[in-house]
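Note on naming: letters A, B, ... go to the chains in the order of the sequence lines (proteins, then strands), and numbering restarts at 1 for each one.
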Amino acid sequence: MATLSNMMASDQKASEETAGSAAISVTTALSLAKRSLEGIRVKVIGEVSEFANKPGYKAVYFTIKDDSSSLSCMIWQGEYHKLGIDVKIGDLVEVTGYFTLYAKTGRMNFMARVIEYAGAGDLRLKVERLAKQLEAEGLMRSERKRPIPPSVERVAVVTSPRGKAIQDVLRTLRRRSPYVEVFVVGVPVEGKDAPSWICEGLSVADASDCDAILLVRGGGSYESLMPFNDEQVARAVAACAKPVVTGIGHEPDNSIADMVGDVRCSTPTAAAEAVAPSIGDLQSRIASAGSRMGMALQAKADRMQMQLSALRARPIFIDPQALTGNLAMRIDADAERLHRAIPNAMASDERNLANAKGKLASLAPRLFERQRNSIALSAARLNDLSPLTILGRGYSIAYDDGGHILKSIDGVNVSDSIQVRVSDGTIDCTVEGIGREEA
Amino acid sequence: MGEETMGSLFGEEQTAPADNMTFKQGLDELEGIIRALESNQLELEESLGKYARGVELLRSLQGKLDDAQQKITVLLGEFDPASIEEVDDQLS
C-alpha cells in the first residue's frame, strides 16, 4: 500500500537528484506524480481482502492482494453498479484500470473501470456461445413467447426457499394480488447441483394446475447466476407448457433463462407484479363490468320505453273512439239511408198498386168475356150431348123393374113390367111380346 | 327474491352457483354477459335474466376479492410460509 511516508521518501530522492534547482510545492510534486502514474494502465489479478460499499459514498473502496502485496482500489459507484456484480471478500478478481493519486492525502489508488471474476471472460464467452446456439435453434423466437394469461389465479414460484426472492415474490403478491394462490417450488439455485434441481422444480411446477410459472432469483455475482445460464435449465424453461415469467438477478443481468422464458422481468418483485393483475385493477374491472351491465340494461329499457311511447302516441290510444268511430259512422249512414228508403219504397209501391188496380179494372170485363163465351159454347154442347136432349128429339129409354137400362131383348121376358122414359115423363108398360131383329 | 330465483323466473338456463366457480370462470362469464347485453340482440326477459345472473357474479367476484387471503402450498423443498410473516413484522 502506498503511504505518505513512501511518497515523501521518493520526493526526497527526487529533490536530491534535482539538487540546486528550486523546491517545488507538494501540490506540484503530487500532480507530477499523478500524471506519470495515470499513464500506467493494467489488468491486475488479486484476491479481495477489504471491501466497502457504503451508501452515500461516491465510490466503492476495496483492496486486492496477493501473497506479498496489496493494492487499494476504488471504482465509481455508478460504474460498479453497471457491472452488476456483487464482489465479496475472498473473491479472486481481475481489475482493469489505472493508478491515480489523491492529492489531498497523497494516497495512491488503483482506479478500477472493470472488475471481473477471474476466468469470467471464459465463462461469458461460453454463455454467449450457448445463447447463440439456442437462438439458432429458435428457442428465443418472439413467436414462441406466450403472453401471461389475463386472469392468473395460481402461480408456481420456482426459486430458493430461503432466498430473498421468494420473500419479495410472496410479499408483492400478498400486497397486490392476495387472491392469487401460490405454489412454492423450493430448489437450490446455487452450486453445481442447482441446474438439475431447477429443471426438476420447473417440471413439478409445470405439472401443477398453476396458470403461470415464476422462475426467480435475487441479485448475485455473474458466477452465482450461472445455473440460469445452464443449457439444461434453458431447455427445461422452453419445454414448459405453462408460460414462464423470469426475474433473475437485478436490472442489467440477462441470463439465458431470461431469454428463453416467455416474459422477462428485471427482478423477482417485477416478475410477481407482472404475473397477476393487482386487486385494484380487478376491482375496477369488476366495477366497470357492473356499470357497463347497468348501462346496457338501462339502454335496453330506454329503447323499449321509446318503442312503447311511440305506440302510445298512435291515434288508436289517444282517441279510443277512433277504433269504433268509422264503424259507428257507417252504421249511422246506413240507418239514415234505411229511414229514407222505407217511405220512398212505400210511396212507390202505392203508386204501382194504384196503377195495377186501374189496369185490372179495365181489363177485368174483357177478361171474363172470353170465358163467358166459352162457357156458353160449352153449355150448348153439353146440352146437345144430354140424354134429355136426345129424348127431346123423340128417343126414349126403357128401364126394367130394377131400374136398369134395357139395351137388349134378353133383359126382359113377356109380361115383365118396364118403364119407358120420354122427354116429358115416364110410361109404365107390360111386355106383351118380344121380337128379335135380324142383323 | 334471490337472483337465482329471478334467473329461473326469466327462463335463464340453469347455471352453476357463482360462488362455486373460479374467479376466472366468473369473470369470463360476466364479460360474456356484458357482451350479450351490449349486443342488444336479446329479448327483454332474457336481458333481465342475464342481468340478474351478472349481478350474482359481480357480488360473488367482489366477495372473493374482499375475502382474498394469500394461500401458499409448498410443492417442493422446505419452505416455511411463517418466515414471510417474520419479515413483515420486522418491516413494520
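- Contact of A:Leu297 with chain B is made through the side chain alone, with heavy-atom distances under 4.5 Å.
- A:Met293 places a side-chain heavy atom less than 4.5 Å from the side chain of B:Val55.
- Taking non-hydrogen atoms and a 4.5 Å limit, the residue list of residues 180-191 of chain A in contact with chain B, ordered by number, reads A:Val180, A:Glu181, A:Val182, A:Phe183, A:Val184, A:Val185, A:Gly186, A:Val187.
- The part of A:Met304 that comes within reach of chain B is its side chain, from C-beta onward, which places non-hydrogen atoms under 4.5 angstrom from that chain.
- With values rounded to the nearest 0.5 angstrom, A:Arg292 atom CZ is found 12.0 Å from B:Ile33 atom CD1.
- To the nearest 0.5 Å, atoms OH (B:Tyr51) and CD (A:Gln298) are separated by 9.0 Å.
- How far CD of A:Glu153 is from NZ of B:Lys24: 8.0 Å, rounded to the nearest 0.5 Å.
- Here CD1 of A:Ile166 is found 7.5 Å from CD1 of B:Ile72. Values are rounded to the nearest 0.5 Å.
- A:Pro150 is linked by a side-chain contact (heavy atoms from CB on, under 4.5 Å) to nothing, counting only residues two or more places apart in sequence or in another chain.
- Top candidate by heavy-atom pairs under 4.5 Å with chain A, chosen from B:Asp28, B:Leu65, B:Leu30, is B:Leu65.
- Side-chain contact check for B:Ile34 versus A:Met295: every heavy-atom pair is 4.5 Å or farther apart.
- In terms of heavy-atom pairs under 4.5 Å with chain A, the best-connected choice from B:Leu42, B:Leu57, B:Asp67 is B:Leu42.
- From B:Gln62, atom CD reaches atom CG of A:Leu282 across 10.0 Å, with rounding to the nearest 0.5 Å.
- Interface check for chain B: of the options A:Ala301, A:Ala296, A:Ala156, A:Pro178, the most heavy-atom pairs under 4.5 Å are formed by A:Pro178.
- Rounding to the nearest 0.5 Å gives a distance of 11.5 Å between CZ of A:Arg175 and CD of B:Gln70.
- A 6.0 Å sphere centred on CD of B:Glu43 holds no more than 12 heavy atoms belonging to other residues, nucleotides or ligands.
- Between B:Leu76 and A:Val158, every side-chain heavy-atom pair lies at or beyond the 4.5 Å cut-off.
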